[in-house]
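Worksheet for the structure shown next.
Numbering of ligands and ligand atoms starts at 1, following listing order.
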Amino acid sequence: MPMNPEPHAVALGEYHAAAQAQPNIALVKYWGKRDAELNLPVVGSISITLDSLWTRTEVRFVPGAVQDRVSLNGRSDESVTKRVVACLDLLRQRAHIDWGAVVDSRNNFPTAAGLASSASGFAALVYAGGRALGLELSEAELSILARRCSGSAARSVLGGYVEWTRGQLADGSDSAAHPMLAADAWPLRVAVAITSTAAKQVGSSEGMRRTAQTSPFQAAWIATQETDLAAARSAILTCDFDALALVSEHSCLKMHALAMAAQPGLLYWNGATVECMHRVRTLRQQGLPVFFTVDAGPQLKAVCAPSAIEKVKAALREVPGVLDVLDSGLGAGAHAIALGALEA
Ligand code: 2P0
């Protein structure tokens with residue numbers, strides 16, 4: 001320890017922390033809320049957390065400051081700031097302080113295009129913000145706080161295979177994510193076919209609200225979810241790829257059918273998304289262990305055995321309309337990183 005540390009070095013680290021979280025991809029989908037204020041889902045869901053796509057976030061609370069300053073990928077945006085301030089308010093309530101914060105967040109992948117940037121973003125924000133304030137939050141508490149900021153963020157707090165339980169309680173204290181299986185216990189790979197980098201026209205919250213109000217399939221969606229969750233749990237715990245492929249594609253197509261039947265119908269796919277679905281099914285018929293899933297955006301995620309990843313990526317690259325193919329393994333949950341490591 002230096003005898004006379006510089007004042008700056010002493011201050012650095014006070015109310016200041018950085019964290020990283022990765023997006024997760026639901027294999028059994030979340031769609032619909034039983035409480036929009038608390039982000040309580042109508043159904044449970046199961047996901048995998050990725051490793052090579054990330055959000056890195058630094059949070060510094062400034063004693064006496066009255067405003068928050070938020071930047072995402074070096075820019076400030078009103079709608080992003082509004083959601084970040086609401087999330088910081090939850091942390092401030094918990095710590096009994098009212099100071100403003102400076103938040104700097106970066107994604108190494110396109111924001112708001114169905115790549116779960118809100119999941120990794122809010123998981124990283126609650127992790128870094130909680131640490132900056134010295135709150136000692138358990139995994140379940142972090143998951144619940146992240147859930148209140150964006151539903152799917154509840155799952156990005158944890159790594160590997162994750163289940164977010166629906167819960168029954170009105171206050172949401174039993175609706176958190178739990179670990180199912182570690183990433184390295186079944187190290188599947190994911191190829192992400194980027195078919196558009198434009199932000200989606202209808203966000204997930206609005207899409208879910210419209211679906212619940214107008215889709216004739218809402219009751220069937222809720223009634224059949226438990227069967228899918230049970231099938232996915234069993235497939236994951238026995239590392240049964242074929243069983244996981246069947247239930248995952250079923251859940252994906254069922255969620256989109258539900259949303260397409262809303263009024264006006266929600267159509268998150270483009271032509272290349274559909275061509276990629278056919279391509280993945282052809283590969284599987286040819287014996288390659290691969291299946292697809294698609295979220296509230298046009299990107300297609302192909303989940304496969306490690307031995308299949310190069311063939312899957314090459315096949316998706318050939319599909320007209322595919323702009324790029326990203327590649328990821330499965331990774332850890334939200335974790336602390338060094339201050340100043342945002343660009344590393
Ligand atoms: C999921 N999605 O399970 C589902 C499948 C998209 C399709 O969770 O309103 O950003 O913040 O709770 O979590 C995306 O919705 O929505 C999502 P909010 P969120 O991954």
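- Protein heavy atom closest to atom 2 (N) of ligand 1, with residue, atom name and distance, is Y30 O, 4.0 Å.
- Under a 4.0 Å criterion applied to the non-hydrogen atoms of M255, ligand 1 contributes the atoms 5 (C), 7 (C).
- For the residue pair D228/S251, the side-chain donor-acceptor check at 3.5 Å is not satisfied.
- The proximity of R148 to ligand 1, defined as any non-hydrogen pair under 4.0 Å, does not occur for either the backbone or the side chain.
- In terms of protein heavy-atom proximity, atom 13 (O) of ligand 1 is nearest to S152 OG, 2.6 Å.
- Residue contact check: G151 has heavy atoms under 4.0 Å from atoms 11 (O), 12 (O), 13 (O), 18 (P) of ligand 1.
- Between the choices G203, G32, S204, C149, the shortest heavy-atom distance to atom 14 (C) of ligand 1 belongs to S204.
- Residue-ligand proximity, K29 to ligand 1, at heavy-atom distances under 4.0 Å covers atoms 3 (O), 5 (C).
- In summary, the atoms of ligand 1 found under 4.0 Å from a heavy atom of R83, numbered by their order in the structure, are 11 (O).
- Here the side chain of Y161 pairs no donor or acceptor atom with the backbone of R233 at under 3.5 angstrom.
- Inclusion of R155 in the set of residues having an N or O under 3.5 Å from an N or O of ligand 1 is warranted.
- Interface of M208 with ligand 1, defined as ligand atoms under 4.0 Å from a residue heavy atom, comprises 15 (O), 16 (O).
- Set against the non-hydrogen atoms of S205, the atoms of ligand 1 under 4.0 Å away are 9 (O), 18 (P).
- Using a 4.0 Å cut-off between heavy atoms, H256 makes no contact with ligand 1 at all.
- The hydrophobic cluster containing V62 does not contain V70, counting ILVMFWY residues as joined when their side-chain heavy atoms lie under 4.5 angstrom apart, directly or transitively.
- In this structure, S196 and T273 have side chains that are not in contact, with every pair of non-hydrogen atoms separated by 4.5 Å or more.
- Not a single donor-acceptor pair under 3.5 Å links the side chain of T49 to the backbone N or O of G331.
- Not a single heavy atom of S45 sits closer than 4.0 Å to an atom of ligand 1.
- Put simply, no part of R147 is less than 4.0 Å from ligand 1, judged by heavy atoms.
- When only interatomic distances are considered, the shortest N/O to N/O separation between K33 and ligand 1 falls below 3.5 Å.
- Side chains of S328 and D51: a donor on one and an acceptor on the other come within 3.5 Å.
- Atoms of ligand 1 lying under 4.0 Å from at least one heavy atom of S118, given by number and element, are 10 (O).
- Checked against a 3.5 angstrom limit, the closest N/O atoms of S150 and ligand 1 fall inside it.
- For ligand 1, the polar-atom distance check finds no N/O of A296 at less than 3.5 Å from any of the ligand's N/O atoms.
- I236 and L50 fall within a single hydrophobic cluster, where Ile, Leu, Val, Met, Phe, Trp and Tyr side chains are chained together by heavy-atom contacts under 4.5 Å.
- With respect to the salt-bridge test (charged N to carboxylate O, under 4.0 angstrom), the residues R279 and E275 do not qualify.
- The side-chain contact (heavy atoms from CB on, under 4.5 Å) test with R147 singles out one residue from V157, L142, L40, and that residue is L40.
- For ligand 1, the atoms lying closer than 4.0 Å to a non-hydrogen atom of N39 are 12 (O).
- A donor-acceptor pair under 3.5 Å is absent between the side-chain atoms of S76 and the main chain of S71, judged by distance alone.
- Between F291 and F241, the ring planes are tilted. Angles from 30° to 60° get that label.
- The shortest distance between side-chain heavy atoms of F109 and I194 does not fall below 4.5 Å.
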